[in-house]
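Comments concern the structure below.
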There are 2 protein chains.
Amino acid sequence: MLSLVEENYLKAIYHLSEGGHLQVSTNALAEAVHTKPASVSDMIQKLDRKGVISYTKYQGVKVTDEGKEAALKVIRKHRLWEVFLVKHLNFNWDQVHEVAEQLEHIRSPLLIERLDAFLGHPNVDPHGDPIPDATGAINTKPQKQLQQLSPGSEGVIRAVKDSSPEFLQHMDKLGAYLGAQIKVMDKVAFDSSMKIRIDRATTIFISKEVAQNILVQEN
Amino acid sequence: MLSLVEENYLKAIYHLSEGGHLQVSTNALAEAVHTKPASVSDMIQKLDRKGVISYTKYQGVKVTDEGKEAALKVIRKHRLWEVFLVKHLNFNWDQVHEVAEQLEHIRSPLLIERLDAFLGHPNVDPHGDPIPDATGAINTKPQKQLQQLSPGSEGVIRAVKDSSPEFLQHMDKLGAYLGAQIKVMDKVAFDSSMKIRIDRATTIFISKEVAQNILVQEN
DNA sequence: AATTATTTTTAGATTAATCTAAATTACAGT
DNA sequence: ACTGTAATTTAGATTAATCTAAAAATAATT
């Protein structure tokens, strides 16, 4: 069982290593967790002993499979709470991080599965980052701004960057919602506005500003 | 600023002193927070220095006004989370405590005010205990067993003593719920059973046993 | 390749919260 | 008022997480 502090180190290692690929240096980790390198040296030896990272002196660390699983559990909790805060408590997406940093450490498997269901099993957080499922599986298809797609390509709306009431109301008006199937019909080079088709039904025009604030996953 | 551990001590002192009235002994407190008396001795000296309790050696402790305020903030959070867990995440009454013990320590004034609004500003938790408002004010009208009321008096159901599924199902069947308006129509001296009217609508009979397990607040 | 600079690790201290064991104080019953 | 028991406090250790300062290893530069 990891302490709250150990969880934070592990999560930082996971993020800095971009999902477990790169080696993470002591100094980089110290900055990420706001401690001194000496403290990190101590801690990574403990985490190595616990089996969640592999560490060789002076060579930095990597998460093990076990560590990755633990990190993803914390990340899952963090992102689910963010969804809750934005969707139900009207937080802005730039206000949620600090609170989610605390909520992510609450220990209750039941709580997190119920929260997931309550939120409708979302697969992205308010920033568009994917939410790992209960097994740790993560949807790895990257999310792009709708504005970046070229005519002819299709995808699904996964998130919005701007979650202000004004923007959400506008989305409503357009008939655009999380999960909606969209296809880019045309793109105006001059102002980057677009013509898109929603759910193979209605065709609408959207401005560059709107297209930048909609995150999609290409098919 | 109090640590999480200090908050737990303070909350325990508040509860054991029944809202700040009685002196709390070292041993009682040790049992409540699952530590040894020696640890309590250390901690209460620290809490005294911090000004949240007043302590004289060998005489036990009492919360100060400042301490009471801090304790009520934690209790407010605890009970609001309990409401959330039961009403929105389908927890049972007996499952919420452990999780709420963790959630009560989350630090974010914005979060707790938004949660309060989201829940519709409830004034009792799922066990019927009153929820202090943001200023710490608590509904202080005492709760009585319904059985203690005399014919003619009216009140609101605030809690149940027995929260077993059997009893709750019986409550449902009777149409009695937390917050229901009730009026005592008649009382049988012989067996202490009662005739009561719920929400000025339906009139029912309840046994002494049932009337003892329903807590009401008189109007 | 040698020297300097940077990064990382170790050694030794510190703080918060806890414990056991021993000492002290309060209380209760004769 | 005395004495034994119970409650409480102190003393000294322990554990987790941190720090500073110094030592060791690696990397960079001439």
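Worth knowing before you read on, the calculation uses all heavy atoms, side chains too, and leaves out hydrogens, waters and symmetry mates. Numbered from 1 within each chain, the chains take letters A, B, ... in sequence-line order.
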For D:dT10, take OP1 and OP2 only and decide whether either is under 4.0 Å from a side-chain N or O of B:Gln45.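 The answer is yes; a side-chain N or O of B:Gln45 sits under 4.0 Å from OP1 or OP2.
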Under 4.0 Å between a side-chain N/O of B:Tyr55 and OP1 or OP2 of D:dT9, yes or no?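 Yes.
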Which part of the nucleic acid, if any, lies within contact of [X], taking any heavy atom under 4.0 Å across all strands shown: a base, the sugar-phosphate backbone alone, or nothing?
{"X": "A:Ser39", "answer": "base"}
{"X": "B:Ser41", "answer": "base"}
{"X": "A:Thr26", "answer": "sugar-phosphate"}

Atom-pair distance (CG on A:Asn27; P on D:dA25), nearest Å: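 A:Asn27 atom CG is separated from D:dA25 atom P by 18 Å.
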[options]: which one has an atom nearest the side-chain heavy atoms of [X]?
{"X": "A:Thr35", "options": "D:dT8, D:dC19, C:dT18", "value": "D:dC19"}
{"X": "B:Asp42", "options": "C:dT9, C:dT7, C:dC19", "value": "C:dC19"}
{"X": "B:Ile44", "options": "D:dT8, D:dC19, D:dT9", "value": "D:dT9"}

Between A:His88 and B:His88, does the ring centre distance come in under 6.0 Å?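 No, the ring centres sit 6.0 Å or more apart.
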If you take all heavy atoms of A:Asp116 and A:Pro122, which pair is closest and at what distance?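 Closest approach of A:Asp116 to A:Pro122, heavy atoms only: OD1-CD, 3.6 Å.
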Residue whose closest nucleotide on DNA chain D lies nearer the 5' end, A:Tyr58 versus A:Ala38: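 Its nearest nucleotide lies further toward 5', so the answer is A:Ala38.
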Keeping the roles fixed (side chain from A:Gln217, backbone from A:Arg158), state whether a donor-acceptor pair exists under 3.5 Å.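 Side chain of A:Gln217 to backbone of A:Arg158, a donor-acceptor pair under 3.5 Å: no, none is there.
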Intermediate values then yes/no, salt bridge (Lys or Arg N to Asp or Glu O under 4.0 Å), A:Lys11 and A:Glu104: CA-CA 11 Å; A:Lys11 187 171 55 116; A:Glu104 73 187 4; 3.0 Å; yes
